2 protein chains.
Amino acid sequence: MNHRPAEEASWSRRFAGTGHRLTAQRRVIMRHLAGIRRYLTARELHARLARSHPRMGLATVYRTLEMLRELDLVASTPRGAGEAAYLYCAGDHHHHAVCTRCGRVDDVPCRSLPGFERMLSSSYQFRLTEHQLEFYGVCARCS
Amino acid sequence: MNHRPAEEASWSRRFAGTGHRLTAQRRVIMRHLAGIRRYLTARELHARLARSHPRMGLATVYRTLEMLRELDLVASTPRGAGEAAYLYCAGDHHHHAVCTRCGRVDDVPCRSLPGFERMLSSSYQFRLTEHQLEFYGVCARCS
DNA sequence: AGTACTATCGAGAATGATTCTCGATAGGTG
DNA sequence: CACCTATCGAGAATCATTCTCGATAGTACT
């Protein structure tokens, strides 16, 4: 649960720009997410914060995660039974390698995708605007 | 809504192998999916079949889509408000290019991914087992 | 073809994730 | 420091999906 002041300054600045208030709840949620390299559902996050912040409402967690997603500060992925899971994901565009054993997530830079883009453009006349890529496998620690 | 006997033979054979019964409802659902190149939610599919098959139950549509997904005959992707959308997707492994205007889906062969796999293996010591890739953009017809 | 066995079906209830409602609270601005 | 109002917490409401159960219809075997 490392707390990096530099990163915190980065997203707290982003809040100011959008007119959103930097409340205590949002700070707590953002700090927790930034300090953990795995996907968490709203319920899991709420449970983790229950000890230190017993009055934090589940609706607040959902609202905050949705807002962070809109600000591109977190990424979301669907999990098993119709649940969405969230991951801190600020900064430049990249992809994720998720370990299927321990759940740890590594960031993977977005290289060679231009190759796909060229192929889509030439062979399919498809103008690429967005893409979503997720890797699953076994990380170095679990091998 | 083209009905291709060759493809139908292909997935009807797959049913037999798994011990699942090839019921009238499953045939109707499979035919409809195979004849349309776009993602459909369970509700949308149920609504489309309502005219020709008024007695088709929504639960049957959900059950069938889930089974088809397990058999790798359809792919699913999350849509806006927590809904899952399904696409006919039999045959070899490939990816999808989804037009954000008309919703049409083109199949894209799975090339150059070995490049990603090599990078993950060498730089991250990550052994890739699965991946999920979806393209979004504007197709040739909509440009 | 006829029969038996049981997977599957339809309808509606149940479940569970997410969102909404509303009075209370607390950022942020002047 | 006070005001304005975005945000909060608690619980109700919503909505996609799954479950329950008696009825139906594939499939295997005669």
Side-chain angles (χ1 to χ4, degrees), chain A residues 8-9 11-32 39-71 73-86, chain B residues 8 11-32 39-71 73-74 76-86:
Chain A
E8 178 150 347
W11 46 261
S12 58
R13 204 179 315 121
R14 184 135 24 155
F15 269 97
T18 60
H20 291 133
R21 291 183 182 172
L22 186 46
T23 65
Q25 291 88 340
R26 288 173 181 174
R27 213 173 345 238
V28 165
I29 288 172
M30 201 57 208
R31 276 181 191 162
H32 194 94
Y39 279 98
L40 291 179
T41 66
R43 254 168 229 283
E44 287 168 349
L45 181 53
H46 182 252
R48 279 163 170 269
L49 299 177
R51 295 183 196 168
S52 51
H53 301 80
R55 303 192 51 74
M56 169 91 63
L58 180 57
T60 299
V61 176
Y62 275 107
R63 278 186 293 233
T64 302
L65 287 172
E66 172 57 19
M67 184 183 60
L68 293 175
R69 205 177 53 73
E70 284 177 359
L71 295 176
L73 284 168
V74 304
S76 71
T77 194
R79 188 181 274 186
E83 270 180 302
Y86 298 83
Chain B
E8 179 151 348
W11 48 260
S12 58
R13 204 179 314 119
R14 183 131 30 151
F15 269 97
T18 59
H20 291 133
R21 292 181 181 174
L22 185 46
T23 66
Q25 292 88 340
R26 287 172 182 175
R27 213 175 343 240
V28 164
I29 288 172
M30 202 55 209
R31 276 182 189 160
H32 194 94
Y39 279 98
L40 292 179
T41 66
R43 256 168 227 283
E44 287 168 347
L45 181 53
H46 182 252
R48 278 161 171 270
L49 299 178
R51 295 183 196 168
S52 51
H53 301 80
R55 300 191 52 73
M56 169 91 64
L58 181 57
T60 298
V61 176
Y62 275 107
R63 279 186 292 233
T64 302
L65 287 173
E66 171 58 19
M67 183 183 58
L68 293 175
R69 205 176 53 72
E70 284 177 359
L71 295 176
L73 284 169
V74 305
S76 72
T77 194
R79 188 180 273 186
E83 269 181 302
Y86 297 84

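Protein chains get the first letters and strands the later ones, always in sequence-line order, with residue 1 at the start of each. Not measured: the values here are computed from a predicted model.
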Colleague: Go through DNA chain C in 5' to 3' direction and return only the first and the last nucleotide with some atom under 4.0 Å of chain A's heavy atoms.
Modeller: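 Under 4.0 Å from chain A, the extent on DNA chain C is C:dA17 to C:dG28.
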
Colleague: Look at B:Tyr62 and D:dT17 and indicate whether a side-chain polar atom (N or O) is within less than 4.0 Å of OP1 or OP2.
Modeller: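 Indeed, a polar side-chain atom of B:Tyr62 lies that close.
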
Colleague: Starting from C1' on D:dT17, measure out to CG on B:Leu65 and report it in whole angstrom.
Modeller: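 Atom-to-atom, B:Leu65 to D:dT17, this comes out as 12 Å.
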
Colleague: Evaluate the side-chain proximity of A:Arg63 to A:Gln25: yes if any heavy-atom separation is below 4.5 Å, no if none is.
Modeller: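 With C-beta onward as the side chain, the pair stays apart.
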
Colleague: Please determine which of B:Ile29, B:Leu58, B:Val28 meets the side-chain contact (heavy atoms from CB on, under 4.5 Å) test together with B:Leu45.
Modeller: B:Ile29

Colleague: Do side-chain atoms of B:Thr18 reach the backbone of B:Phe15 as a donor and acceptor pair under 3.5 angstrom?
Modeller: yes

Colleague: Can you check whether A:Leu68 reaches A:Tyr86 side chain to side chain, under 4.5 Å on heavy atoms?
Modeller: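 The answer is no, as the side chains (C-beta and beyond) never meet within the 4.5 Å cut-off.
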
Colleague: Please state how far atom CD in B:Glu44 lies from atom P in D:dA16, giving the value in whole angstrom units.
Modeller: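 After rounding, the gap between these two atoms is 11 Å.
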
Colleague: When all nucleic acid strands are considered with a 4.0 Å heavy-atom cut-off, which category describes B:Arg26: base, sugar-phosphate, or nothing?
Modeller: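 Sugar-phosphate, no base atom in range.
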
Colleague: Expressed in angstrom and rounded to an integer, what is the separation of A:Arg79 atom CZ from D:dT17 atom C1'?
Modeller: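 Result: 19 Å.
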
Colleague: Counting the atoms with a prime plus P, OP1 and OP2 as sugar-phosphate, which does A:Arg21 contact under 4.0 Å by heavy atoms, base, sugar-phosphate, or nothing?
Modeller: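 The answer is base, as A:Arg21 lies within the cut-off (heavy atoms under 4.0 Å) of a base atom.
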
Colleague: Hey, which sits more toward the 5' end of DNA chain C by its nearest nucleotide, A:Arg63 or B:Ala59?
Modeller: B:Ala59

Colleague: Taking the side chain as every heavy atom from C-beta outward, state whether B:Leu40 and B:His32 have any pair of such atoms under 4.5 Å apart.
Modeller: yes

Colleague: Side-chain contact test, heavy atoms from C-beta onward, threshold under 4.5 Å: evaluate it for A:His46 versus A:Arg43 and give yes or no.
Modeller: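 When only atoms from C-beta onward are counted, A:Arg43 and A:His46 do not touch, as no gap falls below 4.5 Å.
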
Colleague: Find the distance B:Leu45:CG to D:dA16:P and express it as a whole number of Å.
Modeller: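 B:Leu45 atom CG is separated from D:dA16 atom P by 15 Å.
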
Colleague: Which is true for A:Gln25 with a 4.0 Å heavy-atom rule: it touches a base, it touches only sugar-phosphate, or it touches nothing?
Modeller: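 The answer is sugar-phosphate, as A:Gln25 gets under 4.0 Å only of primed atoms, P, OP1 or OP2.
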
Colleague: With nearest nucleotides of DNA chain D determined for B:Glu66 and B:Ala24 from heavy-atom distances, which residue corresponds to the more 5′ nucleotide?
Modeller: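 This one resolves to B:Glu66.
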
